[in-house]
Amino acid sequence: MKDQKIVDHLFRHHYGKMVAILTRFFGLAHIETIEDAVQDTFIKATLQWRKQLPDNPEAWLTRVAKNRTIDLLRSIKAEKKRIEKISNGPSSIPLNELFLDHEIADSQLRMIFVACHPSLKPPEQIAFALKTISGFSTPEIAAALLTKEETISKRLQRARKTIVKNEIEFDFPSPANLQNRLNRVMEVVYLTFNEGFHSTNTDTLIREDLCGEAIRLCKLLIRKEEFRSGSLYALFALLCFHAARLKSKTNQDNEIVDIREQDRSQWHLPLIEIANRAMYKAGTYEDISIYHYEAAIACEHIKAKTFEETNWTNILKWYSKLYERQPTPFTLLNIAIVYLQMNELPAAKRLLEELESAHLGQRQYLYFGSLAEYHLKFDDRTMAKTYFEQAIATTSNGLEKRYLEKKLMQLS
């Protein structure tokens with residue numbers, strides 16, 4: 001069990017690195033073969049490490065993945081041409097040197113921009129990025145994007161074929177194309193963090209590894225001066241504000257603790273300070289994005305010493321600006337929730353009546369939970385019970401289900 005946990009940890013943290021580095025070495029034309037080789041390597045590790053754990057697991061994975069890639073290339077009779085390219089092209093850099101920290105970062109940044117190439121359709125870009133950079137499985141990508149697994153498999157296959165057909169280079173975009181590609185990259189980072197911060201996994205609410213991966217990718221981008229923008233700094237601030245609260249979102253019994261009851265002394269001050277500095281940097285650029293408004297909302301929650309001191313007026317202002325820029329059903333629901341907190345009940349009811357729960361996908365339980373809270377404002381326990389039951393029926397996450405069941409029991 002311990003060895004399997006080590007394999008799982010290394011898979012999450014090193015799958016993307018290994019795919020990126022081997023792709024730089026062998027070329028994008030062999031991306032599918034490289035992914036298969038890395039996958040095979042982790043399967044082999046699962047089996048062999050039961051007997052004995054290697055002294056250096058990461059070096060073992062690198063060596064075995066490289067050898068497995070060569071074996072697979074030989075099996076498709078491509079090794080001769082590949083050797084010629086390796087001996088003459090930029091990939092002639094020794095493989096071991098590609099595993100130096102700065103080369104790993106460079107390879108992963110290249111892979112991020114490959115994933116967001118305009119030849120790939122937006123849904124394919126996101127699926128391919130989550131797979132090759134962050135090591136998401138097909139079911140995890142389907143859950144994060146609220147899509148069927150079969151659909152995700154087809155998107156990944158189309159992305160790989162497009163990359164090979166169009167001979168996309170393993171490199172950074174030109175200055176003229178940089179901003180559009182960066183926008184897609186930031187969306188991928190944002191989705192990765194969201195899946196960790198509020199996981200769609202049935203048994204886990206928080207996946208700190210995914211949150212950490214998203215922050216790591218964001219930091220990689222910020223280190224390159226030409227990639228910096230107000231949007232990128234605002235996104236980084238948003239992720240840090242949220243990550244600062246991770247420890248307080250669940251208790252020792254692995255139960256959800258809502259923000260009203262969270263122990264604010266557990267909020268991680270160093271991350272909050274990093275987020276504040278990033279927000280200041282975001283303000284020194286001219287561009288404004290949805291990440292600015294979401295970070296401002298997160299900052300308002302962080303600033304409040306108690307839940308009762310939360311500045312809901314400011315939060316409403318930022319949500320309204322967010323809705324102007326990105327009018328989604330989920331933002332509208334959040335505005336309704338803010339109105340509930342402000343006891344502006346007619347305004348909350350009007351927005352809740354505008355919404356259709358089906359448009360919220362896997363988050364529709366929040367809609368029914370909000371309706372239950374609305375009726376509790378009038379002490380209408382019968383209707384509140386009905387809506388809590390609907391919320392329970394529409395959530396797949398076990399922790400969310402237990403949290404809602406506890407609220408339902410309290411009504412009785």
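Quick caveat, the model's predicted, so the values are computed rather than measured.
Between the side chains of Ser248 and Gln262, a donor-acceptor pair is found at a separation under 3.5 Å. No side-chain donor from either of Glu187 and Asn183 sits under 3.5 Å from a side-chain acceptor of the other.
Using a 4.0 Å cut-off between a side-chain N of Lys or Arg and a carboxylate O of Asp or Glu, Arg24 and Asp106 qualify as a salt bridge.
Applying the salt bridge (charged side-chain N to carboxylate O under 4.0 Å, His left out) test to residues at least two apart or on different chains, none of the pairs has a partner in residues 324-344. For residues 268-277, no pair satisfies side chain to side chain donor-acceptor pair (under 3.5 Å), with sequence neighbours left out. Sorted by first then second residue, the salt bridge (charged side-chain N to carboxylate O under 4.0 Å, His left out) pairs that include residues 294-314, not counting sequence neighbours, are Glu300-Lys303. Under the side chain to side chain donor-acceptor pair (under 3.5 Å) criterion, the residue pairs touching residues 223-242 are Ser231-Asp287, Ser231-Ser289, with sequence neighbours excluded.
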- request: Dump the intermediate steps for side-chain hydrogen bond (donor to acceptor under 3.5 Å, both in side chains) on Asp258 and Tyr403, then the final yes or no.
  value: CA-CA 9 Å; Asp258 67 34; Tyr403 172 77; 2.9 Å; yes
message: I'd like to know whether Leu316 forms a side-chain contact (heavy atoms from CB on, under 4.5 Å) with Tyr339, so could you lay out the CA-CA distance, the side-chain angles of the two residues, the decisive distance to 0.1 Å, and finally the verdict.
response: CA-CA 8 Å; Leu316 178 62; Tyr339 277 130; 3.8 Å; yes
CA sep, side-chain torsions, deciding dist, call: Leu345, Tyr374, side-chain contact (heavy atoms from CB on, under 4.5 Å): CA-CA 7 Å; Leu345 301 185; Tyr374 170 80; 4.1 Å; yes
message: Run the side-chain contact (heavy atoms from CB on, under 4.5 Å) test on Cys211 and Leu246 for me, step by step, so that the C-alpha distance in whole Å, both residues' side-chain angles and the decisive distance to 0.1 Å come before the verdict.
response: CA-CA 9 Å; Cys211 294; Leu246 282 177; 4.2 Å; yes
message: For Glu35 and Lys131: C-alpha separation, side-chain torsions, deciding distance, then whether salt bridge (Lys or Arg N to Asp or Glu O under 4.0 Å) applies.
response: CA-CA 9 Å; Glu35 287 185 293; Lys131 174 67 175 176; 5.2 Å; no
query: Would Leu156 and Ile152 satisfy side-chain contact (heavy atoms from CB on, under 4.5 Å), going step by step from the backbone distance to the final call?
result: CA-CA 6 Å; Leu156 291 170; Ile152 295 299; 4.1 Å; yes
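If you take OH on Tyr367 and CD1 on Ile337, they are separated by 12.0 Å, rounding to the nearest 0.5 Å. Going from atom CZ of Phe227 over to atom CG of Leu220 covers 10.0 Å, rounded to the nearest 0.5 Å. Interatomic distance, CD1 of Ile31 versus OG1 of Thr23, reported as 3.5 Å (0.5 Å rounding). The distance from atom CG of Leu232 to atom CD1 of Ile222, rounded to the nearest 0.5 Å, is 4.5 Å. Of the inter-residue distances, the one linking Leu28 atom CG with Arg110 atom CZ reads 10.5 Å to the nearest 0.5 angstrom. Rounding to the nearest 0.5 angstrom, the gap separating the CD atom in Glu32 from the OG1 atom in Thr132 is 12.5 Å.
Within a 6.0 Å sphere centred on NZ of Lys377, heavy atoms belonging to other residues, nucleotides or ligands number more than 12. Under a cut-off of 6.0 angstrom, the local environment of NZ in Lys349 is sparse, with at most 12 non-hydrogen atoms contributed by other residues, nucleotides or ligands. No more than 12 heavy-atom neighbours from other residues, nucleotides or ligands sit within 6.0 angstrom of NZ on Lys44. Heavy atoms from other residues, nucleotides or ligands lying under 6.0 Å from CD of Glu169 number 12 at most.
In terms of modelled atom types and a separation under 3.5 Å, the side chain of Asn334 and the main chain of Phe330 share a donor-acceptor contact. Not a single donor-acceptor pair under 3.5 Å links the side chain of Asp253 to the backbone N or O of Glu255. Asn166 contributes no side-chain N or O that, together with a main-chain N or O of Ile168, makes up a donor-acceptor pair within less than 3.5 Å. The backbone N or O of Glu149 sits less than 3.5 Å from a side-chain atom of Ser153, completing a donor-acceptor pair. With hydrogens and angles disregarded, a donor-acceptor distance shorter than 3.5 Å links the side chain of Arg181 to the backbone of Phe113.
Glu405 places a side-chain heavy atom less than 4.5 Å from the side chain of Ile392. Between Glu373 and Lys407, the closest side-chain pair of non-hydrogen atoms falls below 4.5 Å. No side-chain heavy atom of Cys240 sits less than 4.5 Å from a side-chain heavy atom of Ile272. The closest side-chain heavy-atom distance from Leu221 to Leu182 is below 4.5 Å. A 4.5 Å side-chain heavy-atom check between His359 and Thr328 finds every atom pair outside the cut-off. Between Thr192 and Val188, the closest side-chain pair of non-hydrogen atoms falls below 4.5 Å.
With sequence neighbours excluded, the residues forming a side chain to side chain contact (heavy atoms under 4.5 Å, CB included) with Phe307 are Ile259, Arg260, Arg264, Thr310, Trp312, Gln341, listed by chain and number.
Partner of Leu333 under the side-chain contact (heavy atoms from CB on, under 4.5 Å) criterion, out of Leu352, Val338, Leu351: Leu352 alone. Among the candidates Glu389, Glu400, Gln364, the single residue satisfying the side-chain contact (heavy atoms from CB on, under 4.5 Å) test with Thr394 is Gln364.
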Donor-acceptor pairs under 3.5 Å, side chain of residues 123-130 to any protein atom, not counting sequence neighbours: which ones?
from, atom 1, to, atom 2, distance (Å)
Glu124, OE1, Lys121, N, 3.3
Glu124, OE2, Arg158, NE, 2.8
Gln125, OE1, Arg184, NE, 2.7
Gln125, NE2, Cys116, O, 3.4
Gln125, NE2, His117, O, 2.9
Gln125, NE2, Leu120, O, 3.1

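If you look at Phe388 and Phe368, their ring centroids are not closer than 6.0 Å.
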